[in-house]
Amino acid sequence: MDGDLLHGLNGAQCDAVTSQAAVLQVLAPPGSGKTKTLTARVAYLIAHQQLKPWNIIVCTFTVKAASEMKERITGFVGAEVAKQLKLGTFHSISLRYLKQYGQHIGLDKDFGIADSSDSKAIVKRIIKQHDLTIDAGQARNRISTQKAKGIDSEQFLSSAKKIEQQEFATVYREYEATLKASNLLDYDDLLLRCGFLLRKHPQCVSNVEALLIDEFQDTNNIQYDLMALFAQRQNVITIVGDPDQSIYGFRCAEIKNLSRMKQQWPDTFTINLEENYRSSGAILNAAQRIIEQDESRPPKSLQATHSPGMRPILRKLPSATGEARWLVSEVQRIQAMTGGLLQPGDFAVLLRSAALSRTIESALNKAEVPYRMIGGTRFYDRAEVKLIIDYLRVINNPANSEAVERIVNVPARRVGEGTVKSLHEEARSEGVSLWSLVLDTVQGRCKPKTKVTDATHKGLAVFVNVILTCQRKVLDSKTEPIALVDLMNTVLKKLCFEAYLKKKYAEEYEARWANIEELIAQATEASDPERLRAMLQEDALPAIDGLEQRTASSTEDMLSMFLASTALAASSEEKPEEEGRKVQQLTISTIHAAKGLEWPVVFIPACYDGSLPHSRADDNDEERRLLYVGMTRAQALLYLSCPIKNTQREETTLSTFLIQPGVTGFFEEHGPSITLHGVTGLATTLRRDCPQKATIDEAKRKIERDEDSYWPLNGEEPVEEVAKWDHGKGSGMLPAFGTTRPAAGFTSAAVTMQQGFSTASATIKPEFISANARFEELREQAQLKKVDHRVQQTNNKLDGKPKGGKRQIEGQGSIAGFFAKRSKPEQVLEAHERDAVAFSSVRPLQEVRNLPAESRPKMAEPRIMDFTKHKPRNAPLHGKPNTVTHHMHKADNRYVFLDSSPPQAETDENQTSDTVPTSDVVEVETSQTKVRPASTFHTTTVQTAAPQRKTYGVRRSMNGWSNRGGKTR
DNA sequence: TTCCCGACCCTTTTT
DNA sequence: GGGTCGGGAA
């Protein structure tokens with residue numbers, strides 16, 4: 001047993017798993033085997049300390065972490081034992097205690113859970129009603145903060161001095177009153193009330209022998225209290241955490257809880273895990289460089305166990321859409337260049353905010369790359385799903401006036417917003433629920449003050465009928481429980497829901513209906529008596545002598561259980577059906593939701609001030625940790641990127657965390673060139689079989705270019721295909737990487753992957769180079785630019801007639817032909833290609849390859865231009881092109897020297913912009929991208945899966961597309 | 001006068 | 001997806 005349990009663990013991990021300490025802290029940096037250690041310890045406690053699994057509580061913060069933990073523990077101890085563990089999020093475990101022992105603290109049996117939309121709606125209504133000026137969202141957060149601090153509304157009111165505080169106190173008080181009247185608990189209440197229960201009735205947890213907590217750095221004070229309460233009998237506690245990964249400060253997480261714990265239990269034993277098994281050395285170095293910017297942070301060691309690998313990439317792009325297009329092209333390029341070693345499932349896009357996903361999703365859709373979204377809108381929060389859930393909630397608990405308000409006029413029943421608001425207000429002032437006012441109105445028992453037209457009255461009657469019919473169904477089933485799924489079908493039928501969706505969403509209807517089908521499938525599962533029994537058993541807490549328990553049995557209970565589970569569900573889509581093999585999907589996720597996960601290739605787009613760090617964040621250190629968490633998700637390849645214009649077309653500034661001195665040295669400016677050797681190294685790192693060369697070559701033929709060379713490194717727009725070939729339109733071209741760097745630069749860029757895997761240490765660029773060296777570099781760039789110009793002119797002569805963009809694309813299709821016919825040995829060709837790339841102005845390598853040998857660019861005599869005097873306006877040639885927008889950064893009232901640009905670059909720009917030679921002024925006509933009809937975007941899940949349950953990959957309407965594309969006008 | 005619907009704006013992170 | 005505004009229908 002020991003052998004199995006401890007197999008593959010390192011010394012520190014073993015110590016942690018087998019530690020005899022009662023209170024144990026395991027400090028585990030990213031990729032150090034945190035979950036592995038925690039799960040092994042659970043198994044160890046059962047196997048070697050003879051603890052009963054049902055006496056062990058394991059707490060996580062997210063549902064996803066809970067299910068992963070369960071899976072891993074099952075691997076150790078088997079499903080039977082794993083099921084008996086009390087494992088879940090803090091909220092779900094609290095809910096179990098409240099459901100079973102809530103009556104001891106006067107909690108009604110059928111309390112519902114107020115989700116965020118309920119809470120927000122309540123707050124909003126109170127604010128409006130009192131004509132206050134505070135922001136609803138902020139007030140809602142503030143209530144949560146107060147609750148997390150354990151300050152109730154009365155306490156707050158008594159200490160409220162300022163008018164503003166008193167206003168908030170009013171909102172807080174009425175919010176609490178509304179929850180109580182609606183028989184609802186919000187998320188914070190679940191924890192608070194559970195704490196209250198366990199304090200009052202400690203015998204509820206008298207059976208608990210051990211408590212284990214994951215991601216402890218994210219606990220807030222209530223959760224800390226709960227920890228102490230859960231463990232109050234035996235005080236056996238294991239926590240794992242990492243202060244560097246604390247990213248829930250906004251939820252009042254207290255990193256201090258680590259030291260608080262040591263004070264409370266002075267015998268606390270601490271074990272540090274220090275070896276990283278996830279990321280390549282180069283990625284780890286870069287991430288360390290970022291996190292170390294926090295000077296208040298104690299220095300820590302984190303050892304890489306992998307070879308340095310490929311250096312991470314920091315890429316500049318013109319716009320959010322450009323960034324998305326580039327990202328997709330890199331996904332495709334890397335996939336092809338590795339000959340299928342990497343599949344879509346190996347890529348993840350991690351975002352600061354979920355809203356950023358839209359542009360990326362539409363680019364992925366366009367390229368038909370399958371993806372799934374974690375975080376952002378939860379399945380149960382999708383309009384159509386939420387609506388049905390709200391109907392069920394009202395059927396279960398009509399006192400929930402917020403839910404009534406949301407559904408009373410959906411589908412439209414001529415009950416307008418004004419009427420509903422007014423009725424709601426009237427109900428509130430009468431001290432009744434909205435539902436009972438509506439019911440009495442419809443049944444003629446009362447005549448509301450609010451004006452109700454005939455049409456509206458009719459509409460209300462229809463609504464009341466739906467609810468009453470369904471409630472009757474539930475009640476009638478007391479003797480013979482009906483399945484939840486029947487109830488749901490009744491609702492759908494009564495609403496003619498399918499027809500409603502068809503009308504409302506037109507061409508998007510299918511995806512919406514698929515979501516409903518998924519919901520039905522879930523209800524079917526929940527209705528299965530077998531499953532239900534199993535679930536009840538799993539949820540049940542051990543019987544305690546002399547303490548009465550409530551147990552669920554009827555349809556009513558089934559309904560409220562189902563609703564509770566939807567309220568606490570993960571904000572993620574379920575795993576796609578795995579039929580035989582894994583369905584390959586790229587993952588889009590918020591960084592928060594990605595914690596604890598890993599992928600071979602990770603993209604973090606939108607790395608600019610305002611997004612990361614977010615403009616609304618008040619703790620920059622936390623934002624930095626967020627970047628750190630994101631970066632450390634990557635195993636082999638990490639891309640950070642930044643559009644130089646945001647979605648509002650304003651100029652952006654590269655993230656503060658990335659413009660610190662020395663940071664750029666850890667990054668490449670463009671995606672890696674990938675050699676066969678590199679693929680081998682990658683395969684080794686990921687412990688996968690290396691694909692055959694033929695497979696790689698085959699895959700390469702399908703992509704447009706095999707280098708990340710289309711988007712200029714300085715973040716400007718690439719020259720459109722048409723402009724490239726239309727020689728009449730001026731010759732100055734914007735540089736892509738292969739064209740502005742001297743050949744030597746290109747070589748060094750191309751070599752990274754080989755170098756990374758074959759040598760012991762990654763080469764790190766010097767942080768600064770001397771001004772002199774810099775000047776040399778500038779001169780070299782200038783020469784190149786002139787050469788480019790020459791080459792262009794030569795080409796004009798060689799290749800007289802202009803070509804259209806379309807034809808050029810056709811040309812790209814024949815790369816394969818070129819390969820087949822080529823007569824030169826590969827190495828010679830490579831050298832030639834290098835030159836060609838270095839000297840052709842904009843043509844990507846593939847195009848150059850397509851040219852007949854005699855028209856390929858030739859070496860030309862460079863003409864030296866003095867760059868202290870001349871600078872092309874639109875071709876930013878201050879050395880590395882991407883240094884243009886951020887030469888200097890003002891911080892702490894002094895200027896910080898960035899990106900290793902020489903100071904004269906700044907003055908240069910101002911003084912000499914008028915002396916630009918006209919031939920270097922670029923004028924590019926960009927053609928609009930064609931808009932595809934919305935219908936082509938709908939299914940985002942791979943077609944081959946053919947799942948029984950429909951997939952629900954479509955997240956939302958893709959506004960931009962469906963508005964313009966699909967509709968007739 | 002009230003309601004409905006399309007068009008257009010902006011969007012922190014989670015239970 | 002939510003909020004708001006304005007045109008057109010009831």
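Residue numbers begin at 1 in each chain, while the letters A, B, ... track the order of the sequences.
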Rounding to an integer number of Å, can you tell me how far [X] [atom1] sits from [N] [atom2]?
X        : N      : atom1 : atom2 : value
A:Leu191 : B:dT14 : CG    : C1'   : 12 Å
A:Lys451 : B:dC3  : NZ    : P     : 8 Å
A:Glu417 : C:dC5  : CD    : P     : 12 Å
A:His457 : B:dC3  : NE2   : P     : 15 Å
A:Lys595 : B:dT14 : NZ    : C1'   : 11 Å
A:Arg378 : C:dG1  : CZ    : P     : 14 Å
A:Phe250 : B:dT14 : CZ    : P     : 6 Å
A:Arg406 : C:dG2  : CZ    : C1'   : 13 Å

So what does [X] touch, heavy atoms closer than 4.0 Å: a base, only the sugar-phosphate, or nothing?
X        : value
A:Arg414 : sugar-phosphate
A:Phe61  : sugar-phosphate
A:Ser615 : nothing

Report yes if at least one side-chain N or O of [X] is closer than 4.0 Å to OP1 or OP2 of [N]; otherwise report no.
X        : N      : result
A:Thr590 : B:dT14 : yes
A:Lys503 : B:dC5  : yes
A:Thr419 : B:dC3  : yes
A:Asn141 : B:dT14 : no
A:Arg512 : C:dG1  : yes
A:Lys124 : C:dG3  : yes

In terms of side-chain heavy atoms of [X], which of [options] is nearest?
X        : options                : value
A:Ala412 : B:dC5, B:dT2, B:dT13   : B:dC5
A:Arg352 : B:dT14, B:dT13, B:dT15 : B:dT13
A:Arg358 : B:dT11, B:dT15, B:dT12 : B:dT11
A:Thr377 : C:dG1, B:dT13, C:dG3   : C:dG1

Taking the six-membered ring of [Y] (Phe, Tyr or Trp), confirm whether the NZ or CZ of [X] is under 6.0 Å from its centre and within 45° of its axis.
X        : Y        : answer
A:Lys180 : A:Phe111 : no
A:Arg142 : A:Phe168 : yes
A:Arg251 : A:Tyr248 : yes

Walking DNA chain B from its 5' end, the first of A:Thr456 and A:Leu568 to be reached, judged by nearest nucleotide, is A:Thr456
Residue met sooner reading DNA chain B from 5', once A:His91 and A:Asn409 are mapped to nucleotides: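 Residue closer to the 5' terminus by nearest nucleotide: A:Asn409.
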Nearest-Å distance once atom C1' is located in both B:dT12 and C:dT4: 22 Å
Using a 4.5 Å cut-off on heavy atoms from C-beta on, say whether the side chain of A:Val602 contacts that of A:Leu350.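 The answer is yes, as the side chains (C-beta and beyond) meet within the 4.5 Å cut-off.
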Within the 3.5 Å criterion, strictly below it, is a donor on A:Tyr380 or A:Gln522 matched to an acceptor on the partner's side chain?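 Short answer, yes.
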Run the salt-bridge test on A:Arg96 and A:Asp539 with the 4.0 Å N-O cut-off and return the result as yes or no.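 Judged by the 4.0 Å cut-off on N to carboxylate O distance, A:Arg96 and A:Asp539 do form a salt bridge.
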